[in-house]
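What follows is a set of notes on a single structure, which appears directly below.
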Amino acid sequence: MPELTEILSRKDIETNISGIALRISEDYKQGNLILVAALKGAFMFVADLARSLSIPSQIGFVGVSSYGAGTESSGTITVTKKLDVDIEGKDVLIVEDIVDTGLSLRFIIDYLAEFKPRTLKTCSLIDKRERREVDVVVDYACHEVSEGFLVGYGLDHNENYRHLPAIYHLKL
Ligand code: IMP
Ligand code: MG
């Protein structure tokens with residue numbers, strides 16, 4: 001039986017989102033912010049983040065996929081849904097669920113850069129630093145964890161557990 005251990009409660013998540021939302025609202029108060037969320041994992045996070053900001057934002061989505069079934073990145077990343085907003089000349093903040101090896105984020109940065117945004121920064125619900133393989137900077141990280149496979153609050157394992165309001169460590 002898979003075992004779930006809560007590591008971040010709904011309240012923890014809310015508190016940390018409020019923290020980065022303050023910073024983002026301050027940093028982008030002059031600009032025209034577009035949040036580009038990576039599907040599917042960031043859907044819940046971007047909804048809460050956008051509502052926590054004290055500045056207006058537009059919201060777009062991009063779909064990338066790196067995981068097959070399982071807990072290890074396949075290393076091959078593909079666009080599963082093209083960017084759906086015009087970001088040329090705009091201030092773009094990529095919203096990710098979790099940055100692990102960094103390969104997905106690197107891929108998204110390179111993909112979005114082709115659309116010529118004015119600025120391009122990164123935000124992630126979870127920054128899992130220990131397994132980083134490529135040099136990417138997470139400008140705004142909500143939580144940092146060292147290891148383990150996490151589910152809930154958008155994060156999945158084989159498409160399960162995304163609906164959970166808190167974040168759990170999954171032991172298979
Ligand atoms: P990376 O390319 O190795 O950085 O992996 C990033 C993507 O893999 C994330 O956007 C997630 O979709 C998925 N991922 C990485 N670690 C986890 C995890 O602990 N739980 C669920 N999904 C994960
Ligand atoms: Mg995923």
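Just follow the structure's listing: the first ligand is 1, and inside any ligand the first atom is 1.
- Looking at ligand 1, you won't find any N or O of Leu105 less than 3.5 Å from one of its N or O atoms.
- For atom 17 (C) of ligand 1, the choice among Tyr168, Phe107, Phe149 with the nearest heavy atom turns out to be Phe149.
- Residue Leu150 holds the heavy atom nearest to atom 19 (O) of ligand 1 of all those in Asp127, Leu150, Asp156, Val151.
- Note that CG of Leu105 and OG of Ser124 are 7.5 Å apart. Values are rounded to the nearest 0.5 Å.
- By the salt bridge (Lys or Arg N to Asp or Glu O under 4.0 Å) test, Asp127 is found to be paired with Arg129, Arg132, residues two or more places apart in sequence or in another chain being considered.
- Asp12 and Thr15 share no side-chain donor-acceptor pair at under 3.5 Å.
- Interface of Ser104 with ligand 1, defined as ligand atoms under 4.0 Å from a residue heavy atom, comprises 1 (P), 2 (O), 5 (O), 6 (C), 7 (C).
- The N/O atoms of Ile77, backbone and side chain alike, include none that comes under 3.5 Å of an N/O atom in ligand 1.
- Counting heavy atoms under 4.0 Å from ligand 1, residue Lys128 touches it through the side chain alone.
- In this structure, Gly102 is part of the shell of residues with a heavy atom less than 4.0 angstrom from ligand 1.
- Under 4.0 Å from ligand 1, heavy atoms of Thr101 appear from its side chain as well as its backbone.
- Within the 4.0 Å heavy-atom cutoff, Gly148 counts among the residues contacting ligand 1.
- Connection of Leu170 to Ile126 is not established within any shared hydrophobic cluster, with ILVMFWY side chains joined at heavy-atom distances below 4.5 Å, either directly or through further cluster members.
- Taking a 6.0 Å sphere around NZ of Lys116, one finds it holds 12 or fewer heavy atoms contributed by other residues, nucleotides or ligands.
- Linking Ile, Leu, Val, Met, Phe, Trp and Tyr residues whenever their side-chain heavy atoms come within less than 4.5 Å leaves Ile7 and Val99 in two separate clusters.
- Under the 4.5 Å side-chain contact rule for hydrophobic residues, Leu49 and Phe61 share a cluster.
- Residue contacts with ligand 1 for Glu96 involve side-chain atoms from C-beta outward but no N, CA, C or O (heavy atoms, distance under 4.0 Å).
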